[in-house]
Every structure is written in C-alpha cells, then in structure tokens.
Amino acid sequence: MFRNVIVRKPAKSMVHGLTSANLGEPDYKKACEQHSAYLTALEQCGVKITLLEADERFPDSVFVEDTAVLAEKCAIVTNPGAPSRQGEEIEIKKILQLFYKKIEHIKVPGSLDGGDVMKVGTHFYVGLSERTNEEGVRQFNEIVDKYGYSCSSMPLNEMLHLKTGVAFLKEKDLVVTGEFIEREEFKDFTKIIVPESESYASNCIMVNGTVIMPAGFPQTQLAIENAGYIVKAVDVSEFRKLDGGVSCLSLRF
Ligand code: CIR
C-alpha cells in the first residue's frame, strides 16, 4: 500500500532533456497537461501527492524516480549516473527528510539511478546499466543488507534502465519485454509478455490495486486486464520522447 508520492512539475528546459528515442522534441505545454492527468490518476489511487516546483536547472528533473529508492525502513538517495542529472538528488533529499528518519546515500565513485531498481517484497533487483555501476550496486547492497533486505544485480544489454523493460505488479506477476523475457533471474515469475511493438508499455506501475500504464498500447492493456488487474491508461507521449515512462515520473512510498 502506498500512501505518498513525490512528483516534480516538468521544467521548460525539458526540451533539452537526455534522449535516445528519436521521437522529436517534447511539447512543454502538452507535457504539463499530461503530467496533471498523471497526478489525477495517482490521486484516484488514494495517494497523497507532494508536488515540487519545476527545477529549470535540470531538464530531466521531472523523472524523480531516478533520484531515490524508497523502502519501508529507509530512503536511499542516489547518485544519478548521467552527469547532467547529478545534483537533482539534493532537493529530493530535503523532501525525503520530512518523511524518513533513516536516509542513506550512494556516493561517488558509485552511481545508481532509481529506474534501475525494482523492489519485490524484501528483495531488490538492480540493473547494471550505463547509469548504475558496480560500485553503486555494491554500496546499495551494503545499505539494504543493514535493514534486512536482499539484493541481486543483473547486467542490462539493451534497456536504459531495468524498469524500462520490467514491472512488478504483485505476488508473482511481472510485466516484461525484450531482454527480460528469458532472464534466469525472473524464471519463477508469471510473466505478462509485452510484444516488441508495444515495448514502451512494459514500464507501468501498480498503485494500491490499480495498474497505471501508458495509453495507446491495446495489446498490453488487454493482457494486463485479462490477468485480473484494473488498469488506468494515461497519455505520456511527451515524456516518452525523453525515454521516460510512468514509473520515472514519481517516487511512491
Ligand atoms: C534520462 O535519460 O535520464 C531521462 N531522459 C529519462 C529518465 C527515465 N527514468 C527512468 O526510466 N526511471
């Protein structure tokens, strides 16, 4: 059960955000409208929203998920792997201090993006990516171990972040695409397979019984609904242009 989410308004500078998507420049006004609709969807799932003002210094700062990993017993402030994103975590830490007594940090030379971390119960799966390095994982492992959580890492071959291609829903259910479909690490899960043509839709979030996913991916939506879930689809096309999805836009705890 999540009670809270932290989100940040898109910055006008988002048009200069990092991307490999080749989908053109995001439309700032449309992004703001989509962000508001995303917040409404979250609100309808019963969470309290902490909405931070836009931070123009950081074009990618709307993607708050990468700045922290939140668990029941502690918050871990990350050291984001992209140079242009380093520093986003400072303001997030100030907010987290309002909610958490125990705050830990990933420190240089370690780097880790929250998008590379998927929590399943008391276990964390961490992707080793262009953003998250071995030292980041080592520090992360050491931190979570202190609090009684476990952790395992896996190298990524194609995806930006681990959660670009896999989402945990509940119990044994995963939504997966691409390189994660056949992964040994996920062999004991029940998989909702996202076809290559809809791979973007594998980035979805389960919030208090509802799956929030991107709009426009009918096969995946149907597959998730057929697995017994209530689905809310939101248009996040402008964030997709920056390689971001529905998980990246919030910190949920
Ligand atoms: C970036 O490259 O950092 C942003 N343009 C997108 C971040 C997406 N975040 C996520 O997958 N958790």
Side-chain angles (χ1 to χ4, degrees), residues 5-28 31 34-35 38 42 52 54-70 75-92 106 111-119 124-133 136-137 140 154 156-168 175-180 194 199-207 212-214 234 236-253:
V5 299
I6 297 172
V7 284
R8 187 183 284 291
K9 289 182 188 167
K12 289 195 185 79
S13 59
M14 75 180 284
V15 296
H16 306 300
L18 296 170
T19 185
S20 61
N22 236 341
L23 294 171
E25 205 171 85
D27 177 325
Y28 170 69
Q34 291 180 348
H35 197 256
Y38 173 74
L42 282 169
L52 310 179
D55 188 341
E56 293 296 340
R57 296 171 301 162
F58 297 107
D60 286 296
S61 54
V62 70
F63 302 116
V64 287
E65 177 179 67
D66 295 316
T67 61
V69 176
L70 305 181
I76 301 160
V77 175
T78 68
N79 177 33
S84 67
R85 302 199 59 187
Q86 282 163 5
E88 282 182 30
E89 74 285 2
I90 295 168
E91 295 300 316
I92 293 291
I106 303 297
S111 69
L112 184 136
D113 276 12
D116 274 322
V117 181
M118 181 173 77
K119 185 171 180 291
F124 291 94
Y125 292 92
V126 187
L128 274 164
S129 67
E130 277 183 21
R131 304 290 176 83
T132 297
N133 64 16
V137 174
F140 186 83
M154 64 180 92
L156 307 191
N157 304 319
E158 300 157 12
M159 307 277 176
L160 171 63
H161 287 123
L162 178 69
K163 284 184 290 186
T164 307
V166 56
F168 172 65
V175 179
V176 282
T177 198
E179 63 179 289
F180 301 123
V194 177
S199 63
Y200 177 70
S202 57
N203 180 269
C204 53
I205 49 175
M206 171 79 162
V207 184
I212 300 182
M213 66 171 288
V234 291
V236 283
S237 63
E238 301 317 293
F239 303 102
R240 185 182 185 193
K241 291 175 180 171
L242 297 179
D243 298 331
V246 295
S247 84
C248 323
L249 292 169
S250 60
L251 282 163
R252 305 160 294 281
F253 57 107

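In each ligand, atom 1 is the first atom listed, and ligand 1 is the first ligand listed.
Ranking the protein heavy atoms by distance from atom 2 (O) of ligand 1 puts Arg131 NH2, 2.8 Å first. Protein heavy atom closest to atom 6 (C) of ligand 1, with residue, atom name and distance, is Leu242 O, 3.2 Å. Protein heavy atom nearest atom 10 (C) of ligand 1, with residue, atom name and distance: Cys248 SG, 2.8 Å. Protein heavy atom closest to atom 4 (C) of ligand 1, with residue, atom name and distance, is Asp60 OD1, 3.3 Å.
Below 30°, between 30° and 60°, or above 60°: for Phe239 and His35 the angle between ring planes is between 30° and 60°, a tilted geometry.
Rounding to the nearest 0.5 angstrom, the gap separating the CG atom in Asp116 from the OG atom in Ser111 is 9.0 Å. Rounded to the nearest 0.5 angstrom, Phe180 CZ and Ser199 OG are separated by 11.5 Å. From Leu160, atom CG reaches atom OG of Ser20 across 6.5 Å, with rounding to the nearest 0.5 Å.
Figure legend: cation-pi geometry between Arg85 and Phe58 absent, as NZ or CZ is not positioned both under 6.0 Å from the six-membered ring centre and within 45° of its axis.
Looking at ligand 1, you'll find an N or O of Glu65 within less than 3.5 Å of one of its N or O atoms. Among the atoms of Gly17, none of the N or O lies under 3.5 angstrom from an N or O of ligand 1. Considering both main-chain and side-chain atoms, Arg85 comes within under 3.5 Å of ligand 1 through a nitrogen or oxygen pair. Geometrically, ligand 1 and Thr164 share no nitrogen or oxygen pair separated by less than 3.5 Å. The N/O atoms of Asp243, backbone and side chain alike, include none that comes under 3.5 Å of an N/O atom in ligand 1.
By heavy-atom distance, the residue among Val117, Asp66, Asp113 lying nearest atom 12 (N) of ligand 1 is Asp66.
The ligand atoms of ligand 1 that sit less than 4.0 angstrom from a heavy atom of Phe63 are 4 (C), 5 (N), 6 (C), 7 (C).
Side chains of Thr67 and Glu88: a donor-acceptor N/O pair is absent below 3.5 angstrom, by distance only. No side-chain donor from either of Asp113 and Ser129 sits under 3.5 Å from a side-chain acceptor of the other. A side-chain N or O of Ser237 and one of Gln34 form a donor-acceptor pair less than 3.5 Å apart.
The shell of residues lying under 4.0 angstrom from ligand 1, judged by heavy atoms, excludes Lys163.
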